A.B. asks: 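Have a look at the structure that comes next, please.
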Amino acid sequence: MKLPRTTLILILLALALGGFVYFYEIRGTTVREETKEQKQKIFSFREDDVESLTVKTKKLTLNLERSPESSNPKWLIKSPISGPANDAIVSYLMDLLVKGNSERTLSTPAKQLGEFALDPPQATINITLKNRQSHQLILGKSNFNGRFLYAQADPAAKPDGNINVLLVSTDFANAVNRELSEWKQPVDNSQKLPGLSTPLPTPTNSK
């Protein structure tokens with residue numbers, strides 16, 4: 001029996017709607033859940049758990065330790081110089097380490113790490129916790145569109161011999177690629193008069 005044209009159109013529309021519901025609602029939900037699972041925190045420690053940091057770039061190796069005193073500064077530079085650190089700069093890096101997410105994880109053979117600028121790396125961050133546990137974040141180059149950096153967190157080979165490569169925020173590059181002067185606590189110039197390099201002489205009473 002030949003179906004009326006209107007009925008045939010309605011059937012086709014129903015099939016198309018059913019396909020849309022399946023691919024968007026059912027299949028799409030599964031894909032979104034998988035994507036959500038891929039986006040996860042890089043590390044699970046808290047800021048207060050961290051005892052020391054070592055930041056190594058191509059220009060500088062910086063060792064930082066938490067100050068034993070509760071007052072500012074919270075962080076001290078131990079090498080290549082000794083002195084108080086810029087708490088704002090260190091806190092910016094700490095915030096990324098504690099709250100940073102991996103947008104995606106790639107499984108790649110270890111011999112291909114050079115393609116991501118991970119061997120040798122652009123920068124390495126070594127973290128030591130108060131309980132003496134240690135963590136490491138290795139930073140490579142930007143991905144193809146410049147939105148993320150390739151990275152490794154606590155790198156270790158999997159049973160299949162591959163290595164996990166993460167996609168992390170480019171803010172990490174901004175946080176570590178600094179001059180030594182930026183890591184130092186700023187000098188307080190509030191007591192100095194503009195244009196004077198030496199203190200004013202003490203006035204004397206004239207007779």
Side-chain angles (χ1 to χ4, degrees), residues 33 35-106 116-118 120-143 147-158 163-190:
E33 287 177 350
T35 303
K36 185 178 180 181
E37 289 175 357
Q38 288 179 337
K39 185 176 180 179
Q40 55 186 347
K41 289 185 66 175
I42 301 171
F43 298 112
S44 59
F45 55 76
R46 300 173 303 172
E47 181 176 352
D48 290 342
D49 296 333
V50 179
E51 180 69 22
S52 64
L53 294 170
T54 298
V55 178
K56 184 177 182 180
T57 66
K58 292 183 176 180
K59 297 191 300 181
L60 177 70
T61 297
L62 183 82
N63 292 302
L64 298 160
E65 286 187 7
R66 186 180 294 275
S67 174
E69 301 177 3
S70 58
S71 59
N72 288 333
K74 294 194 301 182
W75 291 92
L76 302 173
I77 300 175
K78 306 303 289 185
S79 68
I81 62 171
S82 296
N86 187 324
D87 279 341
I89 296 296
V90 181
S91 294
Y92 176 61
L93 174 58
M94 284 297 309
D95 194 60
L96 291 171
L97 291 170
V98 172
K99 300 178 183 178
N101 291 319
S102 167
E103 297 293 326
R104 187 181 175 192
T105 301
L106 310 172
F116 303 99
L118 290 166
Q122 299 294 315
T124 303
I125 306 169
N126 291 303
I127 307 117
T128 302
L129 306 184
K130 293 178 180 178
N131 63 7
R132 310 320 298 171
Q133 290 184 358
S134 61
H135 296 276
Q136 186 180 63
L137 183 66
I138 300 174
L139 301 176
K141 67 179 182 180
S142 301
N143 69 331
R147 293 182 57 198
F148 302 105
L149 291 180
Y150 294 114
Q152 286 180 281
D154 295 335
K158 299 188 296 181
I163 300 290
N164 280 340
V165 175
L166 314 179
L167 287 176
V168 302
S169 171
T170 54
D171 289 341
F172 277 103
N174 299 327
V176 299
N177 289 317
R178 298 181 181 276
E179 300 295 332
L180 178 59
S181 59
E182 295 181 79
W183 292 102
K184 295 163 57 178
Q185 185 184 52
V187 177
D188 184 7
N189 293 318
S190 60

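Note that the structure is predicted; figures quoted are calculated from it, not measured. Sequential numbering from 1 along the given sequence is applied to the chain's residues.
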A.B. asks: Side-chain contact, heavy-atom cut-off 4.5 Å: Val90 with Lys74?
C.D. replies: no
A.B. asks: Just so I know, are the side chains of Ile163 and Leu118 near enough to count as touching, which here means a heavy-atom distance under 4.5 Å?
C.D. replies: no
A.B. asks: Between Arg132 and Glu51, is there a side-chain N and carboxylate O pair less than 4.0 Å apart?
C.D. replies: no
A.B. asks: Within the distance-only criterion (no hydrogens, no angle test), does the side chain of Asn143 pair as donor or acceptor with the backbone N or O of Leu149 below 3.5 angstrom?
C.D. replies: no
A.B. asks: Without swapping roles, check the side chain of Asn164 against the backbone of Gln152 for a donor-acceptor pair under 3.5 Å.
C.D. replies: no
A.B. asks: Taking the side chain as every heavy atom from C-beta outward, state whether Ser82 and Ile77 have any pair of such atoms under 4.5 Å apart.
C.D. replies: no
A.B. asks: Begin from the C-alpha positions of Phe172 and Ile42 and carry the test side chain to side chain contact (heavy atoms under 4.5 Å, CB included) through to its verdict.
C.D. replies: CA-CA 12 Å; Phe172 277 103; Ile42 301 171; 3.9 Å; yes
A.B. asks: Do Glu65 and Trp75 have side-chain heavy atoms sitting under 4.5 Å apart?
C.D. replies: no
A.B. asks: In this structure, are over 12 heavy atoms from other groups packed under 6.0 Å from Lys130 atom NZ?
C.D. replies: yes
A.B. asks: Hey, which of Asn126, Asn63, Thr124 is the one that makes side-chain hydrogen bond (donor to acceptor under 3.5 Å, both in side chains) with Thr54?
C.D. replies: Asn63
A.B. asks: Can you label the angle between the Phe116 ring and the Tyr150 ring as parallel, tilted or perpendicular, going by 30° and 60°?
C.D. replies: perpendicular
A.B. asks: Please test Glu179 against Lys184 for side chain to side chain contact (heavy atoms under 4.5 Å, CB included), starting from the C-alpha separation and ending with a verdict.
C.D. replies: CA-CA 9 Å; Glu179 300 295 332; Lys184 295 163 57 178; over 6 Å; no
A.B. asks: With a 4.5 Å cut-off on side-chain heavy atoms, are Thr61 and Ser79 touching?
C.D. replies: no
A.B. asks: With a 4.5 Å limit on heavy-atom distance, are the side chains of Val50 and Thr128 in contact?
C.D. replies: no
A.B. asks: Taking side chain as C-beta onward, heavy atoms only, is Asp171 less than 4.5 Å from Tyr92?
C.D. replies: yes
A.B. asks: Under the side-chain hydrogen bond (donor to acceptor under 3.5 Å, both in side chains) test, which residues partner Gln133, sequence neighbours left out?
C.D. replies: none
A.B. asks: Does Asn101 use its side chain to pair, donor to acceptor, with the backbone of Glu103 at less than 3.5 Å?
C.D. replies: no
A.B. asks: Hey, what do you get for NZ (Lys41) to OG (Ser102), rounding to the nearest 0.5 Å?
C.D. replies: 13.0 Å
A.B. asks: For Asp48, check side-chain hydrogen bond (donor to acceptor under 3.5 Å, both in side chains) against everything at least two apart and list the hits.
C.D. replies: none
A.B. asks: Quick one: are Leu93 and Ile125 in side-chain contact, heavy atoms under 4.5 Å?
C.D. replies: yes
A.B. asks: Verify side chain to side chain contact (heavy atoms under 4.5 Å, CB included) between His135 and Leu129, making sure each step is shown before the conclusion.
C.D. replies: CA-CA 8 Å; His135 296 276; Leu129 306 184; 3.9 Å; yes
